Amino acid sequence: MSLLDVRGLTAGYGAVPVVRDVGLSVERGELVALLGANGAGKTTTLLAISGLVGLQAGEITLDGRPVTALTPARRARAGIQHVPEDRSLFPSLTVDETIRLACRTRRAPGWVLDLFPALERLGGRRVAALSGGEQQMLALARALCRDPSLLVVDEMSLGLAPLVVNAFFPVLRRVAAERGCGVLIVEQHVHVALRWVDRVHVMAGGTVAASGTVEEMRPRIDELAGAYLGPSAYPTEGDKP
Amino acid sequence: MTSSLGPEQVLAFVALGLGYGALIAGLATGLVVTYRSSGVINVAAGATAALVAYVYSELRTTGVPFALVIGLVVAAVLGALQYLLVYRPLAKAGPLAKLVASSGVLLTAQAVIVLRWGADPVAAPAILPQETVDLLGVSIPQDRLLLAGLVIVATALLWALYRHTRFGIATRATADSAKGSVLLGLSTGRLEVANWVIASVLGGLFGMLAAPTTQLQPTTFTLLVVPVLTAALLGGFSSFGVTVATAFGLGVVNSLIALLQGQSWFPQVEGTPLPGVTELVPFLVLAVTLYLRGRALPDRLTAVAPPMPRAPRPRRAGPAMAVGAVVAVAALAGLPFDWRQALVNSMLGAVLCLSVVVTTGFVGQISFAQMAVAGAAGYVMATVGGDLGLPFPLPPLAGIAAAVLTSLLFSVPARRVRGLQLAVLTLAGGVAAQRFWFGNPQWGSGLRPANVAPITVFGMEISPSRSFWGTEPPSQGFGLVVLAALLGCVFLVAWLRRSDLGARMLAVRSSEAAAAATGVNVGAVKTLAFAIGGLLAGVAGVLYGYTFTGVSADRFGPLTSIAFFGVAVLGGVGTVGGALVGGLLVAQGLLFHAVTTWFGIPPDYQPLFAGLAVVLTVIGSPDGVAVSVADAARSLRVRRLALGES
């Protein structure tokens with residue numbers, strides 16, 4: 001039984017479906033990437049998993065328990081933590097207050113502080129005053145404070161320097177390995193994702209077009225980039241200088 | 001009349017002002033709480049507090065024990081019910097819809113008070129000690145000082161609650177990002193209901209405590225909406241400290257003005273102190289402060305947050321106008337007198353709603369001053385036609401010109417102040433205009449109405465009260481004049497929406513920064529919108545004057561402004577059709593007349609049904625009735641097409 005099992009998911013805005021018949025899974029301790037060109041339906045799929053976009057058809061189970069009927073807040077309490085593309089932080093709160101809200105304790109748990117030692121230094125600073133990288137760190141820390149069974153991260157690298165992004169992927173790896181947490185990420189930079197994840201689902205035209213382990217997908221990446229991902233997502237041989 | 005102005009008198013009046021300030025502070029802090037949690041500017045806060053105070057007063061006078069505790073429970077229940085029944089269904093609606101729902105709650109609460117306790121003043125039994133204390137040789141009522149002390153204690157507790165508890169942090173977090181709170185697993189619904197209960201209990205408590213210091217009347221607390229909003233707005237709808245300090249400041253200034261009004265040098269009008277100064281002060285404080293602070297206030301208050309009601313281009317406006325004109329002429333000819341009057345009222349209302357469509361629907365400026373602008377037209381017309389004796393058409397033209405100028409005055413702050421800030425500022429400005437101008441016996445008409453000379457063309461009088469070709473008043477001829485004016489206004493607004501200027505207005509509404517970046521002169525577009533809105537409101541004001549053969553200050557008051565704005569939004573604030581639907585919905589309009597006639601609703605209950613109708617309609621159609629009807633018709637067409645194809 002997978003940690004997250006999505007079957008026949010059809011979802012969208014209003015009556016118009018954006019994703020159709022999506023099927024994917026995430027195992028405990030596994031890092032899975034959802035790849036695809038702009039408009040492929042990656043973000044909508046994540047929003048449907050966390051409940052922010054209503055399902056028109058399909059079923060989502062977490063640890064074998066159906067969560068389809070749960071509100072977004074109940075899904076979060078059931079163990080799904082979603083770090084959205086806009087991070088949805090609380091600009092007027094301090095870092096300490098954000099952590100206190102997430103953890104129900106005055107300090108973040110030791111293992112979260114191990115992952116993000118800078119949290120202690122930033123404690124009294126307002127979230128609005130943090131840099132982009134610090135905000136992304138706080139968004140991840142806030143989600144991890146709830147000790148989720150599934151962590152869903154949308155476009156972690158958006159607006160961040162490659163150096164900063166490269167610092168976050170090992171953290172996700174550790175979370176998956178040490179906490180047994182399943183991690184599902186949406187990432188536009190395919191080459192970055194392939195370096196860190198275990199498995200890949202490629203989305204195109206609102207549905208999953210290909211799935212497989214990184215080893216299975218790596219030889220096919222040029223073909224997939226040409227067919228589904230677009231040239232900007234993965235530089236093909238011809239594009240390389 | 002004249003009293004001395006020594007330090008003792010000043011101290012005594014400052015103390016009296018503390019009591020008034022404490023009431024403003026109690027209501028304003030409640031407003032901050034509800035705004036933080038739900039994004040609702042609760043204009044009904046005063047009316048709800050008044051309802052609680054009435055309940056308490058009745059319980060005390062009938063000898064029921066624990067009246068204060070029961071009053072607090074009633075306040076808590078009212079707060080929870082308001083959230084669960086009104087604002088929870090509107091969770092995804094824009095701020096306009098929530099504001100209108102709040103005005104519906106205000107009208108409902110006010111109607112309940114009048115039905116249950118009547119309009120006569122009620123003396124509420126005191127809770128706080130009534131003795132005086134000697135302070136620096138001045139006898140000061142204890143209750144005022146205690147009230148002020150209690151407000152300060154309550155504010156300190158609130159500050160601690162929202163600063164140091166998880167509940168408070170969660171509330172602030174939800175105000176920042178409801179999505180973030182939900183994704184964290186917080187129950188935003190529970191947070192919001194708890195905050196509504198806190199706000200309502202706070203308002204109710206200070207309503208009960210302050211009621212004995214002033215006689216209870218249905219509008220006693222309701223009319224505090226302007227100073228309460230002023231205090232909350234200057235506190236940025238977030239700072240309890242600044243809110244309470246402003247509230248006390250306004251209370252003390254109000255009291256000191258009362259002291260100064262007793263001085264011989266204070267300007268007099270017909271033997272009484274110049275009226276309206278106490279209303280002018282909050283407006284000036286607000287206008288100057290907002291202008292100076294400009295965009296330093298939170299974005300949530302400066303932006304008309306989406307979703308704004310849709311404003312589609314009118315299609316087939318010409319044929320629709322022709323059909324409407326034929327139907328209206330036939331109705332004027334064939335309907336009995338009461339229905340004819342209701343039709344005239346609806347047409348008048350539609351003209352005023354069109355002015356809201358331009359200023360709010362097209363350019364996104366929430367102005368609560370349209371009734372004041374209409375009043376300016378009515379009063380100038382009355383003066384030009386009456387005191388100056390100038391012939392038709394000079395009085396209405398002068399009135400409309402005055403309305404345009406008044407509206408342009410309101411456009412000055414709109415260049416720096418936007419969204420809900422502007423709503424509060426224009427409401428305060430409207431109240432100041434009503435009291436300082438219309439209610440002034442010298443410049444306006446005081447408590448009496450000012451007569452308006454009827455329309456006379458080539459010696460023929462076209463007055464609503466005159467028989468027209470032998471028919472019973474209201475005159476069909478006057479009805480035709482109103483219809484012609486309405487058609488002219490409809491044509492203007494429909495043309496505006498299709499013009500380049502209309503497109504620029506919608507660009508400004510969507511994003512001032514983006515509009516400016518594409519070369520749109522945002523200030524000029526806003527000014528033009530206010531001028532056109534003023535012209536339309538001026539036409540409405542002139543027609544009001546003719547319809548009622550006079551103008552009086554009470555027709556252009558803050559509650560009328562709020563109610564009218566609500567009706568315009570309910571109809572559909574982004575479209576010409578919405579304004580016409582708004583006209584149908586106005587008090588004493590066609591729909592109101594139909595419902596009250598067919599269902600035999602007694603006149604006393606009509607305000608209650610009007611308030612409930614506002615709340616229910618805004619929940620059912622947050623984009624406005626006209627847009628909902630158009631959507632339904634489009635869905636039906638699509639379904640028929642689909643069925644035809646299959």
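Naming convention: chains lettered A, B, ... in sequence-line order (proteins, then strands); numbering from 1 in each chain. Here the structure is a predicted model, which is why all the values come from computation and not from measurement.
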Item checked: Nearest-0.5 Å distance that lies between atom CD1 in B:I169 and atom CZ in A:F90 -> 11.0 Å

Note to self: Assess the residue pair A:E97 and B:R163 against the criterion (side-chain contact (heavy atoms from CB on, under 4.5 Å)); give the C-alpha distance rounded to whole Å, side-chain angles, the decisive distance to 0.1 Å, and a yes or no.
What the structure shows: CA-CA 9 Å; A:E97 286 173 333; B:R163 178 61 54 187; 3.8 Å; yes

Check: chain B: which of A:G51, A:A73, A:A76 shares the most heavy-atom pairs with it under 4.5 Å?
Finding: A:A73

Next item on the list: Check each atom of B:T188 against the heavy atoms of chain A and say whether the ones under 4.5 Å are side chain, backbone, both or neither.
Entry: neither

Next item on the list: Measure the CZ-CZ distance between B:R166 and A:R104 for me, rounded to the nearest 0.5 Å.
Entry: 4.0 Å

Notebook entry, point to check: Do B:L186 and A:L101 come within less than 4.5 Å of each other through their side chains, counting heavy atoms only?
Noted result: yes

Checklist line | Residue, of A:H82, A:R74, A:R75, that accumulates the most heavy atom pairs under 4.5 Å with chain B | finding: A:H82

Notebook entry, point to check: A:R77 versus B:S187: any side-chain heavy-atom pair under 4.5 Å?
Noted result: yes

Notebook entry, point to check: Hey, which of A:D86, A:T98, A:V127 has the most heavy atom pairs under 4.5 Å with chain B?
Noted result: A:D86

Check: Hey, does A:Q81 have a side-chain heavy atom less than 4.5 Å from the side chain of B:L183?
Finding: no

Margin query: Whether the side chain of A:R146 engages the backbone of B:L184 through a donor-acceptor N/O pair (distance < 3.5 Å, no angle test) should be reported.
Written below: yes

Check: Looking only at heavy atoms, which two atoms of A:L89 and B:S177 are closest? And how far apart?
Finding: O-CB, 3.5 Å

